[in-house]
Q: 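Below is the structure I would like to discuss, written out as structure tokens.
Residue numbers start from 1 in every chain, and the chains themselves are labelled A, B, ... in the order their sequence lines are given, proteins ahead of strands.
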2 protein chains.
Amino acid sequence: MGKALIIGCGGVASAAIHKCCQNSEVFTEICIASRTKAKCDALKEKLEGTTSTKITTAQVDADHVDELTALIKKEKPDVVLNLALPYQDLTIMDACLAAKTHYIDTANYEPEDTAKFEYKWQWAYREKFEKAGITALLGSGFDPGVTGVFSAYAQKHYFDEIHYIDILDCNAGDHGYPFATNFNPEINIREVSARGSYWENGSWVETEPMEIKKVYDFPEIGEKDMYLLHHEELESLALNIKGIKRIRFFMTFGQSYLTHLKCLENVGMTSIEPIEFEGKQIVPLQFLKAVLPDPSSLGPRTKGKTNIGCIFRGIKDGKERNLYIYNVCDHQECYREVGSQAVAYTTGVPAMIGAMMVMTGKWLKPGVFNVEEFDPDPFMEALNRWGLPWKTEEQPELVD
Amino acid sequence: MGKALIIGCGGVASAAIHKCCQNSEVFTEICIASRTKAKCDALKEKLEGTTSTKITTAQVDADHVDELTALIKKEKPDVVLNLALPYQDLTIMDACLAAKTHYIDTANYEPEDTAKFEYKWQWAYREKFEKAGITALLGSGFDPGVTGVFSAYAQKHYFDEIHYIDILDCNAGDHGYPFATNFNPEINIREVSARGSYWENGSWVETEPMEIKKVYDFPEIGEKDMYLLHHEELESLALNIKGIKRIRFFMTFGQSYLTHLKCLENVGMTSIEPIEFEGKQIVPLQFLKAVLPDPSSLGPRTKGKTNIGCIFRGIKDGKERNLYIYNVCDHQECYREVGSQAVAYTTGVPAMIGAMMVMTGKWLKPGVFNVEEFDPDPFMEALNRWGLPWKTEEQPELVD
């Protein structure tokens with residue numbers, strides 16, 4: 001079928017690349033490019049012999065449009081799948097425009113110095129992509145990503161009008177450590193210390209950090225505490241689901257995780273202000289990172305499941321209807337299959353599928369789009385086939 | 001009256017020295033000696049002009065018997081008051097023997113490499129002190145110290161036989177930080193992670209660390225969680241209170257303090273194993289100490305009270321009797337008076353009184369003794385006079 005240029009070689013990229021290599025009919029060729037070419041080469045070496053996908057690698061600094069453009073022009077991929085850092089979305093979009101190549105990513109652009117999850121920077125590219133005749137597919141991970149596809153699917157098949165959406169992200173994985181972070185603890189801390197917000201009756205309602213706590217009994221997992229956070233898909237779904245009255249996003253955090261984070265914050269161990277120690281300036285958070293287990297060591301030891309999905313409330317044929325669509329993923333099964341646990345797997349698989357939607361022409365129109373703006377059916381079918389089977393449940397327990 | 005040589009110049013020593021200077025009739029002269037003479041000089045400068053006690057200072061390394069002996073022979077004090085580190089008790093006792101000078105301390109000797117609170121090393125000096133015709137008074141702080149005097153006083157005036165003693169040490173001070181330690185966090189951690197023990201029916205009963213938790217409603221403070229710990233006076237009281245069936249020691253710890261300590265332990269921040277950080281070997285606990293508030297900064301900001309005392313159960317005139325003797329101390333009042341909060345004050349005042357008991361000849365007999373082996377009455381009177389007034393309560397709430 002075609003060729004994808006994949007930028008990035010971290011955990012999510014690794015999961016996506018494994019899945020591309022399982023899907024050689026579509027991905028006959030991939031080029032893996034990142035700042036550290038050796039990481040790409042190691043992954044190539046691991047996969048070669050297990051796949052008929054042809055794999056090449058390249059070095060690229062995704063902060064530089066010129067370098068990126070030259071690489072795209074040289075490799076001539078059908079699509080560019082951006083799995084680098086969110087800070088690099090705009091440079092990669094600029095390069096795709098310069099090289100007239102379709103673009104797919106999983107997380108929206110954020111300036112490096114703020115913690116603002118907003119689509120405004122990327123939506124500003126709409127006209128440019130339209131004029132260039134190329135497609136930019138934004139946020140094709142799980143959340144955002146699959147949550148938007150679930151919404152479009154519910155809208156298409158189950159509802160005349162959706163009034164309420166609750167997005168529920170539950171990670172019930174247990175790595176056996178009293179405390180460890182899946183990735184940079186700074187990002188974890190920013191997440192739980194940021195103000196929350198949700199969309200209601202046409203405007204944003206802000207909450208204190210972690211102010212709204214609910215308990216939900218997740219299918220295949222059980223009861224977990226979850227907290228209302230802001231999340232980027234709230235912004236696009238509020239626009240794209242007509243008639244919507246309220247959208248909220250909840251993520252589970254265990255009490256022990258939050259207690260450890262709070263204690264570390266209280267004593268100053270999460271501070272990014274350097275302190276003087278034995279004649280050296282040391283940033284406490286950097287030292288904390290060095291003491292904590294290496295996030296990459298968690299994969300093989302994480303047990304348990306994730307459950308991410310959406311609960312919809314709305315009207316069908318004049319009657320109220322409630323529907324839950326969700327996927328359950330097992331950390332250890334993911335690790336056995338692609339060498340990453342479920343957090344990377346659930347983002348990497350939809351990234352591969354998004355690239356496939358564009359390459360196969362199923363999701364192709366000039367401009368910049370979020371996933372819910374396309375026909376959800378082929379994506380939903382692909383989720384079942386490529387490792388993220390979903391379930392629907394009528395009349396689920398609602399979040400109060 | 002006479003002259004005391006005070007070894008040590010930390011928080012407890014400072015409180016004791018302030019009290020000696022209030023008591024110039026007994027302490028006509030004091031010499032303050034420590035490793036860092038500048039600290040002694042600073043304290044001398046602060047006190048001179050406020051007292052008729054003559055103050056001199058000296059430099060001494062309390063690890064060296066020869067240095068200590070030379071200092072005692074030069075200064076010719078009536079007593080040596082040891083407020084240095086517990087590791088240094090034996091060198092100072094050896095020097096007192098060599099110089100034939102009475103000895104008083106507040107905490108029993110412990111070898112630097114263990115956490116064993118045992119009197120055996122110091123009790124082994126009994127015969128030497130007896131032969132030299134000098135007195136060694138051990139453990140004249142609050143606990144041990146006043147708790148032993150309370151026991152002797154209860155025995156003398158209130159009971160024919162004491163069967164049960166519960167020693168209750170409550171510090172309800174609040175320094176306003178989410179977490180800070182009064183002194184070296186390593187010692188705090190050792191305290192809560194050590195196995196507990198109590199004396200019952202002639203032998204020691206060991207418990208898991210923090211296994212036994214009780215709630216007690218402390219006079220002038222209210223309900224606090226307290227935990228059974230081993231404590232050194234259990235050992236001497238078990239010998240010296242005839243007919244005793246059980247002695248226990250409880251100390252209060254707030255849930256938040258314990259949670260912070262546990263979280264820090266869980267993530268490895270209390271470890272004494274160095275880790276590699278930016279090319280340097282750094283001990284996590286050392287780094288943690290550097291991040292936490294400096295213990296010496298807590299004094300001026302600590303509010304609230306301490307309540308330390310003993311609950312006795314026994315027989316008087318054939319009937320069961322229960323009695324509580326305790327002292328309540330206010331952190332801010334202590335700080336205003338002597339520049340130290342109540343934890344240092346409650347140890348420093350009994351140290352001064354112990355020295356006074358020996359200097360005035362009220363507690364003087366050749367050998368090595370614990371406080372409860374002397375007549376408690378003059379000590380109890382001195383407590384009321386010198387800032388640690390005590391109360392008795394008949395039929396107190398018992399610890400279940």
Q: Answer yes or no: does atom NZ of A:Lys224 have more than 12 heavy-atom neighbours from other residues, nucleotides or ligands under 6.0 Å?
A: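 Result for NZ/A:Lys224: open.
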
Q: Of all heavy-atom pairs between B:Phe287 and A:Phe287, which one has the smallest distance, and what is that distance?
A: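 That closest heavy-atom pairing would be CD2-CD2, 3.5 Å.
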
Q: Just how far is it from atom CZ of A:Phe277 to atom NZ of B:Lys289, taken to the nearest 0.5 Å?
A: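 Result: 9.5 Å between the selected atoms.
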
Q: Ignoring hydrogens and angles, tell me if any N or O in the side chain of A:Lys280 forms a donor-acceptor pair with the backbone of B:Glu278 under 3.5 Å.
A: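 Yes, because the side chain of A:Lys280 sits within donor-acceptor range (under 3.5 Å) of the backbone of B:Glu278.
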
Q: Is B:Glu45 atom CD crowded by more than 12 heavy atoms from other residues, nucleotides or ligands, each under 6.0 Å away?
A: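 No.
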
Q: Would you say that B:Leu264 contacts A:Cys263 through its side chain, given a criterion of any heavy-atom pair below 4.5 Å between the two side chains?
A: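 In short, these two side chains do not touch, never coming nearer than 4.5 Å.
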
Q: Rounded to the nearest 0.5 Å, how far does CG of A:Asn266 lie from CG of B:Leu292?
A: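 Nearest 0.5 Å value for the CG-CG distance: 11.0 Å.
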
Q: Taking atom NZ of B:Lys262 as the centre, report whether more than 12 heavy atoms of other residues, nucleotides or ligands fall under 6.0 Å from it.
A: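 No, NZ of B:Lys262 has 12 or fewer neighbouring heavy atoms, counting only those of other groups under 6.0 Å.
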
Q: Over all heavy atoms of both residues, which pair between A:Val267 and B:Val291 is shortest? Give the atoms and the distance, please.
A: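 Smallest heavy-atom distance, with atoms named: O-CG1, 2.8 Å.
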
